[in-house]
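All values below come from the heavy atoms of this structure, side chains included, with hydrogens, waters and symmetry mates left out. Chain identifiers are assigned alphabetically (A, B, ...) following the order of the sequence lines, protein sequences preceding nucleic acid strands; residue numbering begins at 1 within each chain. In this text the structure is predicted, and so the values were computed from the model without any measurement.
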There are 2 protein chains.
Amino acid sequence: MGVEGTEPGTVRPGGRTARVRAAVLQATGDTLTEQGFAHLDLADIARRAEVGKTTVYRRWGTVTSLVADLLVDMAEQSLPRTETGSLLGDLKANARLVQRTLAAPRQGALFKAVIAAATCEAKTAEALHRFYDIRVKEWAPCVQQAIDRGEVPEGTDPHEVIRAVSAPLYYRLLTTGESLDEAAADRAAEAAATAARAGAYLRGV
Amino acid sequence: MGVEGTEPGTVRPGGRTARVRAAVLQATGDTLTEQGFAHLDLADIARRAEVGKTTVYRRWGTVTSLVADLLVDMAEQSLPRTETGSLLGDLKANARLVQRTLAAPRQGALFKAVIAAATCEAKTAEALHRFYDIRVKEWAPCVQQAIDRGEVPEGTDPHEVIRAVSAPLYYRLLTTGESLDEAAADRAAEAAATAARAGAYLRGV
DNA sequence: CAATTAACGGAACTGGAGTACCGTTATGGG
DNA sequence: CCCATAACGGTACTCCAGTTCCGTTAATTG
């Protein structure tokens, strides 16, 4: 008598199961970048991944659920931040990283697609939130260092500053047709640094 | 001999045709807010709008195309901006307006859905870009007035400042689970005003 | 106020997404 | 190394989104 609440793939996650997951997530990423979120269907994913259609439906069930798992996978691949010694330098490094990612045709399309998927289901949204939470936490220390140096007022929320760097880049990506160049990245970093120094991101005021 | 290139609904746009469009766009908005972009299909829209399924497929054809038309409709309903006499006051009014819109359950879900749809097709994306372009242009004059008063340096891009107010609100809506409160709106306006005064949005540097 | 025909809408059809069933493979524990 | 069974995958089926066809309604023109 097996317990009902066990999800497929959790009891024997090694070997074949892991290979299937890798192939399916790979195919999902490819399809999302090529065709976008709207034309995504599980039967097509199964064909691309050269995996049984039944397997995909059993393990993931829906398109949004599949993207949620892709986001878990993406969250695990974290790239370390660079340190320059100044707040503006660190924020610019962050802004350039985000800008390069979003401007790259493949990566940019993928990010747009996972954001779209996240608007459709709570579970997927949660996975996306966790993804960004990890990225923000990775970079927050550079703001804390600036606070310690006295460059930024005590009580500033580091997370909020990091988010302020990315926000205009994402906003531009989604709501305008203009390209994301390095100038946009630098402007985002400078604006965030200036506002942070002026105490615009004081926590809980 | 009719010219091939005429889209249905353009030759006799009055009466019944207009009623059908209104009913379909209404149903589209309702469905987007209730079920999100993923579960949208034209047959369901036709049922809700109490309109022939054939009509919907003939006039719009695809889900993304339908959302593009919805965005054209949304762009036409413009609300006038308020004027307070100071840059910070105007930006706060704008931020509060955006925040209230996105925080409202119905409107917030709708905006998420149209953004998702816009990531899936060029035509829909263009309609979204035009929508935001109109909104930004509506509010840009308040920045120009601040430039004229000498509050903000000459050469500042007014559009960029207005976008800087909305950006963190949208970023928060899409990438975090946190609620959009008035404090977030005020913070966004203050950060943008501070950065603008410091010359962070100088054009073409 | 006809006449023309754009646009709508019902009915019947089709292809493929999603489901059910069951045999096969190979993982992980003993 | 072997057994129990988790997980995969082929086949056959269902159901409905999307299409085709054609008759009906009503928006425009003179």
Engineer: Roughly, in whole Å, what's the span from CZ in B/R47 to P in C/dC8?
Structural biologist: 19 Å
Engineer: Take the protein atom CH2 of B/W60 and the nucleotide atom P of C/dA7, then report the distance between them rounded to whole Å.
Structural biologist: 12 Å
Engineer: Does A/S65 form a side chain to side chain contact (heavy atoms under 4.5 Å, CB included) with A/T124? I'd like the steps, not just the answer.
Structural biologist: CA-CA 6 Å; A/S65 186; A/T124 313; 5.9 Å; no
Engineer: Indicate yes or no: does A/E50 engage A/R48 in a salt bridge with an N to O separation below 4.0 Å.
Structural biologist: no
Engineer: Specify the separation, in whole Å, of atom CZ of A/R59 and atom C1' of D/dA6.
Structural biologist: 11 Å
Engineer: Measure NE2/A/H39 against C1'/C/dA17 and give the value in whole Å, please.
Structural biologist: 16 Å
Engineer: Answer yes or no: side-chain N or O of B/K53 and base N or O of C/dG10 forming a donor-acceptor pair under 3.5 Å.
Structural biologist: no
Engineer: With a 4.0 Å cut-off, would you call B/E121 and B/K123 a salt bridge?
Structural biologist: no
Engineer: Do nucleotides 20-30 of chain D as a string where each nucleotide becomes B, S or -: B if the base has a protein heavy atom under 4.0 Å, S if just the sugar-phosphate does, - if no protein is that close.
Structural biologist: BB---BBBS--
Engineer: Just how far, in rounded Å, is C1' of C/dG18 from CG of A/D41?
Structural biologist: 10 Å
Engineer: Do B/E138 and B/R135 meet the salt-bridge criterion of a basic N to acidic O distance under 4.0 Å?
Structural biologist: no
Engineer: Toward the 5' end of DNA chain D, which comes first, B/L40 or A/G9, by nearest nucleotide?
Structural biologist: A/G9
Engineer: Taking only side-chain N and O atoms of A/T55, does any of them lie within less than 4.0 angstrom of OP1 or OP2 on D/dA7?
Structural biologist: no
Engineer: Quick check on A/E154: does its CD atom have over 12 non-hydrogen neighbours (other residues, nucleotides or ligands) under 6.0 Å away?
Structural biologist: no
Engineer: Just checking B/R21: base, sugar-phosphate only, or nothing, at a heavy-atom cut-off of under 4.0 Å?
Structural biologist: nothing
Engineer: Check the distance between D/dG18's P and B/D44's CG and give it to me in whole angstrom.
Structural biologist: 10 Å
Engineer: For A/T10, report the nucleic acid contact type (base, sugar-phosphate, nothing); a contact means any heavy atom under 4.0 Å.
Structural biologist: sugar-phosphate
Engineer: Regarding B/Y170 and B/Y132, is there a side-chain donor-to-acceptor distance under 3.5 Å anywhere?
Structural biologist: yes
Engineer: Sort out for me which residue in A/L70, A/T28, A/D69, A/I45 forms a side-chain contact (heavy atoms from CB on, under 4.5 Å) with A/W60.
Structural biologist: A/D69
